[in-house]
There are 2 protein chains.
Amino acid sequence: MLRDAEVTGAEATGDWHHHRIVPAGQQVLAPNHASADVFVLCSGWAFRSVRLSNGRRQILNFLLPGDLFSASAVFNDCCQFSVTALTTVQISGMRRTQVHSRLVEPAVAAAVGKCWATEAQSSDSMMAVLGQCSAEERIAHLFLQLLRRIPRTMVHARRYPCPLRHQHIADAVGLTTVHVSRVLGGFRERGIAELSRGVLEVRNMSELKRLGALS
Amino acid sequence: MLRDAEVTGAEATGDWHHHRIVPAGQQVLAPNHASADVFVLCSGWAFRSVRLSNGRRQILNFLLPGDLFSASAVFNDCCQFSVTALTTVQISGMRRTQVHSRLVEPAVAAAVGKCWATEAQSSDSMMAVLGQCSAEERIAHLFLQLLRRIPRTMVHARRYPCPLRHQHIADAVGLTTVHVSRVLGGFRERGIAELSRGVLEVRNMSELKRLGALS
DNA sequence: CGATCGGTTGATATGAATCAACGTGCGTGG
DNA sequence: CCACGCACGTTGATTCATATCAACCGATCG
């Protein structure tokens, strides 16, 4: 959990707003601990996940710069998920009370509402994918979701930065790493997409969309 | 969609609040239509679902009396899901603008926030179940979630009202009706639970919890 | 009385998991 | 600079859970 001693930058910005840097692979937020803060990811990639009693892990979503850890954290002080850094990340925390007091500003309320709606839609489509889609469709859908969110400025010649390992994909879409490897091998053979050394290269976007579009 | 001609009760309560009755099996809310209202289920059961391009349907959750169709509808006027009545239902619609203006009352804001947090947690656990659990675990988890929400006053001798058909269970947890039938047969044989003619009878709660508890 | 719907059961097919071996790149320490 | 270990990915063989196909049954309803 966030301990005061770990917080940096609080002095410079006032006590309602502070920053922290977490190296790749480390847990950023532990589950089932109350916190007075609402967190935003400022740089790097992270993911939100839960650990089940059988030891398995479900990745609930991936966090990119600008994402709230969870929009519901605006009203909820104790979250059941954990957040883990995928790359080195920079996070910013704001006091929940401070966020609440600014909710009277219509622009702030609208922004939170929009964030909320986006998250809800994304959860809904993930449930549909996990419940109804094949392995290929699941992975294609995950890629498409990520592609839409990776900033244009980071993309050159359809090569998208994407620091996921097979294990992350497997835990996000409910497959094993072995099967993820086979499916990605198929994508590569068929000239659809190729994930290698932190780069996702899309070779046939329309085929990827055909596989991964839900409706 | 909701047409004004279908709205009943608006005269009695003022134009910011109206009721409607929908018979079992009918669609209550069509996907991808904007609406100026936020809806609450007042009586009966319904479900929220999406239809995929391959024709398959994912039930996202079941709605019981008191549930908002979706908490995010408070800020979002166009939803991608549909809502269908499972039994005859009574619904109430409130003008979104009216809800917004009441959000300044701390009690209202807290209620919406709590509703939001509950929905988010439920989505998260559904994603974990769909991604990581076996057929038995999925169905047990669904039952446990429902049991917690069915009002005590409706329960006699561990017999819970539960108007789901196998098809609804199948679409909610991502299985076929045939396999749902086999799993429920197993539950019956092993004296865990029995679903028949709209009643779910729990015979061994601790075993059901062992199967369906996530953590 | 037939038709339809929901549920059950058996036989078979198939997609993904599991088990196991191997390769490759990379950091670490000798 | 090399040897080693380790994490990650790939591939093949096999197993297993669930889907699919098909037949049948009982209840309900026009």
Side-chain angles (χ1 to χ4, degrees), chain A residues 23-26 52 54-59 84-88 129-142 162-190 193-201 211-212, chain B residues 23-26 45 47 52 54-59 84 86-87 129-143 162-190 193-201 211:
Chain A
Q26 286 209 4
L52 277 65
N54 55 21
R56 298 170 85 149
R57 174 178 76 172
Q58 176 69 31
I59 292 183
T84 309
L86 209 45
T87 65
T88 297
V129 166
L130 292 173
Q132 310 296 334
C133 292
S134 70
E136 285 198 346
E137 292 166 337
R138 292 180 196 205
I139 293 178
H141 181 264
L142 173 62
C162 179
L164 310 190
R165 327 257 85 213
H166 289 187
Q167 185 68 64
H168 299 121
I169 297 174
D171 288 347
V173 301
L175 298 169
T176 58
T177 59
V178 175
H179 203 62
V180 168
S181 173
R182 289 192 223 273
V183 170
L184 292 184
F187 282 2
R188 191 178 311 127
E189 270 181 22
R190 288 187 277 156
E194 203 161 332
L195 177 65
S196 171
R197 270 169 279 118
V199 174
L200 175 60
E201 180 166 5
L211 282 170
Chain B
Q26 287 209 3
W45 289 46
F47 62 86
L52 278 65
N54 55 20
R56 298 169 84 148
R57 174 178 76 174
Q58 176 69 31
I59 291 183
T84 308
L86 210 44
T87 65
V129 166
L130 292 173
Q132 310 296 333
C133 293
S134 70
E136 285 197 346
E137 292 166 337
R138 292 180 196 205
I139 293 178
H141 181 265
L142 173 62
F143 283 173
C162 180
L164 310 190
R165 328 258 85 210
H166 289 188
Q167 184 68 63
H168 300 121
I169 298 174
D171 289 346
V173 301
L175 299 169
T176 58
T177 58
V178 175
H179 202 63
V180 169
S181 172
R182 288 192 224 272
V183 170
L184 291 184
F187 282 1
R188 191 177 311 128
E189 270 181 21
R190 288 186 278 157
E194 204 162 332
L195 178 65
S196 170
R197 272 171 276 117
V199 174
L200 175 61
E201 180 166 5
L211 282 170

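Heavy-atom basis, side chains included; hydrogens, waters and symmetry copies ignored. Naming: A, B, ... by sequence-line order, numbering from 1 per chain.
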field: Validation row: B:Phe47, B:His168 side chains within 4.5 angstrom (heavy atoms)
entry: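 Contact flag for B:Phe47/B:His168 side chains = yes.
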message: Do B:Ile169 and B:Leu195 make a side-chain contact, defined as non-hydrogen atoms from C-beta onward lying under 4.5 Å apart?
response: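 Contact flag for B:Ile169/B:Leu195 side chains = yes.
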Name the nucleic acid region contacted by [X], choosing base, sugar-phosphate or nothing; use a 4.0 angstrom heavy-atom cut-off, strictly under.
{"X": "B:Arg188", "answer": "sugar-phosphate"}
{"X": "A:Thr177", "answer": "nothing"}
{"X": "A:Gly174", "answer": "sugar-phosphate"}

Rounded to whole Å, how long is the line connecting atom [atom1] of [X] with atom [atom2] of [N]?
{"X": "B:His166", "N": "C:dT8", "atom1": "NE2", "atom2": "C1'", "value": "9 Å"}
{"X": "A:Arg165", "N": "C:dG25", "atom1": "CZ", "atom2": "P", "value": "14 Å"}
{"X": "B:His179", "N": "C:dT9", "atom1": "NE2", "atom2": "P", "value": "14 Å"}
{"X": "B:Leu184", "N": "D:dT18", "atom1": "CG", "atom2": "P", "value": "13 Å"}
{"X": "A:Leu86", "N": "D:dC8", "atom1": "CG", "atom2": "P", "value": "12 Å"}
{"X": "A:Leu164", "N": "D:dG9", "atom1": "CG", "atom2": "P", "value": "10 Å"}
{"X": "B:Gln167", "N": "C:dT4", "atom1": "CD", "atom2": "C1'", "value": "16 Å"}
{"X": "B:Glu189", "N": "C:dT8", "atom1": "CD", "atom2": "P", "value": "11 Å"}

task: State the CD-CD distance between B:Glu201 and B:Glu194, to the nearest 0.5 angstrom.
output: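 Rounded to the nearest 0.5 Å, the CD-CD separation comes out at 6.5 Å.
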message: I need the B:His179 NE2 to B:Leu184 CG distance, nearest 0.5 Å.
response: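 If we round to the nearest 0.5 Å, B:His179:NE2 and B:Leu184:CG are 10.5 Å apart.
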query: Closer than 4.0 Å, any side-chain N/O of A:Thr176 to the OP1 or OP2 of C:dA17?
result: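 Checking A:Thr176 against C:dA17: at least one side-chain N or O falls below 4.0 Å of OP1 or OP2.
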query: Is the shortest side-chain N/O distance from A:Ser181 to OP1 or OP2 of D:dG9 below 4.0 Å?
result: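 So the side chain of A:Ser181 is outside the cut-off, no N or O lying under 4.0 Å from OP1 or OP2 of D:dG9.
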task: Measure distances between side-chain N and O atoms of A:Arg197 and base N and O atoms of C:dT24, and say whether any donor-acceptor pair falls under 3.5 Å.
output: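 Donor-acceptor pair under 3.5 Å: no.
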- prompt: Has the side chain of B:Arg182 got a donor or acceptor that lies under 3.5 Å from a partner of the other kind on the base of C:dG10?
  reply: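 Answer is yes: a donor-acceptor pair is held.
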- request: For the pair B:Glu136 and B:Arg182, find out whether any cationic side-chain nitrogen is under 4.0 Å from an anionic carboxylate oxygen.
  value: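 Result for this pair is no, no salt bridge flagged.
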Residue A:Ser134, side-chain atoms from C-beta onward, closest of C:dA16, D:dT18, C:dC19: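 Looking only at side-chain atoms, A:Ser134 lies closest to C:dA16.
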